[in-house]
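Reading through the structure tokens given below for one structure.
Heavy atoms only: backbone and side chains are in, while hydrogens, waters and symmetry mates are out. Naming convention: chains lettered A, B, ... in sequence-line order (proteins, then strands); numbering from 1 in each chain. As the structure is a computational prediction, the values presented were derived from the model and not from experiment.
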2 protein chains.
Amino acid sequence: MKTYSLGEMKDKHIGPIGSSERDEYEYELRMEVLGKMIKTTRRERNLTQEELGKLVGVQKAQISKLESSTNSATIDTILKVFSAMKAEINFNVRLEDNFVKL
Amino acid sequence: MKTYSLGEMKDKHIGPIGSSERDEYEYELRMEVLGKMIKTTRRERNLTQEELGKLVGVQKAQISKLESSTNSATIDTILKVFSAMKAEINFNVRLEDNFVKL
DNA sequence: TTACTGGTTTCTAAATTTGGAAACTTTGCA
DNA sequence: TGCAAAGTTTCCAAATTTAGAAACCAGTAA
């Protein structure tokens, strides 16, 4: 049973914690990493974009757009894609302590 | 440092693993739970929808829609909201073993 | 070189989300 | 009860995503 976390993906695709790249892009790369996760999962399943497209019910071009984070995908779309690959995507929230209510 | 996982949220808002509700809604409630996570985090921060709206830069009605999963939010929107609350949302993917490529 | 597979890009239309405004409902409390 | 704050819903316009189609761009193998 294979699992990737966001952290691993960031280490791999952006850089380790503390590196300037990692710090700088910490926010905006979230979305991009999601695309990478789709790609990684698809590869893990040995699927081409076209095959995945068929499973999801869209054209390969759509998959390409999702993987490259061409646009900010909808939760609905994301769930559909992972579901087609029989992969479960989970979210979890961590509260940071540096929050002050004005 | 508080953390919620998707699992906890589902236990709390839907029912424990094995319960019929939990099984039945396992797929389609994912989206809904994300809304609940926003709400829970907001409460944790002691914010009203209006206050959170101000932080994000939208009206309280928007926050309401997001929390109730009126529509399938965009990743971009979700990140903006959690970011405004100084909360980090993470994803992770688990490959299920019951996948057969045709 | 040619052909083929896998991936990306552009264009266009349709569907959906975003957002503001205002009315409405619920909740909580004095 | 009655008031005010908090949350929800509806309506509408603007922006964005989704989706298909087709052209295009690697690679790679014959």
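- For the pair Glu51(A) CD and dG6(C) C1', the interatomic distance rounds to 10 Å; values are reported in whole Å.
- One finds no salt bridge joining Glu51(B) and Arg45(B) here, because no Lys/Arg side-chain nitrogen approaches an Asp/Glu carboxylate oxygen to under 4.0 Å.
- Of the candidate nucleotides dT17(C), dG7(C), dG19(C), dG7(C) has the atom lying nearest to any side-chain atom of Thr48(A).
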### Query
What do the steps show when you test Lys36(B) against Glu67(B) for side chain to side chain contact (heavy atoms under 4.5 Å, CB included), and what is the final call?
CA-CA 6 Å; Lys36(B) 295 252 164 71; Glu67(B) 289 186 355; over 6 Å; no
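- As judged by a 4.0 angstrom heavy-atom cut-off over every strand, Gly57(A) is placed among residues touching the sugar-phosphate backbone only.
- Ranking dT18(D), dG6(C), dA6(D) by closeness to the Gln62(A) side chain, first place goes to dT18(D).
- When rounded to the nearest whole Å, the span between CZ of Arg43(B) and P of dA6(D) equals 12 Å.
- Rounded to an integer number of Å, the gap from Ile63(B) CD1 to dG19(C) P is 9 Å.
- No hydrogens or angles were tested; on distance alone, nothing pairs the side chain of Gln49(B) with the base of dG7(D) as donor and acceptor under 3.5 Å.
- At whole-Å resolution of the value, CG in Leu47(B) and C1' in dA6(D) are 13 Å apart.
- Rounded to an integer number of Å, the gap from Arg42(B) CZ to dA5(D) C1' is 13 Å.
- Minimum interatomic distance between Ser72(B) and Thr74(A) (heavy atoms only, all atoms of both residues): OG-CG2, 2.6 Å.
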### Message
Pair Phe82(A), Val93(B) - check side chain to side chain contact (heavy atoms under 4.5 Å, CB included), show working.
### Response
CA-CA 8 Å; Phe82(A) 280 109; Val93(B) 176; 3.7 Å; yes
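- The pair Glu50(B)-Lys54(B) fails the salt-bridge criterion, with no side-chain N (NZ, NE, NH1 or NH2) lying under 4.0 Å from an Asp/Glu carboxylate O.
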### Task
Begin with the C-alpha distance, continue with both residues' side-chain angles, and end with the deciding distance and a verdict on side chain to side chain contact (heavy atoms under 4.5 Å, CB included) for Leu34(B) and Ile89(B).
CA-CA 10 Å; Leu34(B) 200 51; Ile89(B) 179 161; 3.9 Å; yes
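- In this structure, NZ of Lys80(B) is placed 15 Å from P of dT17(C), rounded to the nearest angstrom.
- Judged by atom type and distance alone, Glu50(B) does not reach the base of dA6(D) through any side-chain donor-acceptor pair under 3.5 Å.
- The separation between Leu52(B) atom CG and dA6(D) atom P is 13 Å, rounded to whole Å.
- Heavy-atom minimum distance, Glu32(B) versus Ser69(B): CA-OG, 3.3 Å.
- Rounded to whole Å, atom P of dT8(D) lies 15 Å from atom CD of Gln59(B).
- For the contact set between residues 64-73 of chain B and DNA chain D, defined by any heavy atom under 4.0 Å, the members are Ser64(B), Lys65(B).
- The side chain of Thr74(A) lies closest to dT18(D), out of dG7(D), dT9(C), dT18(D).
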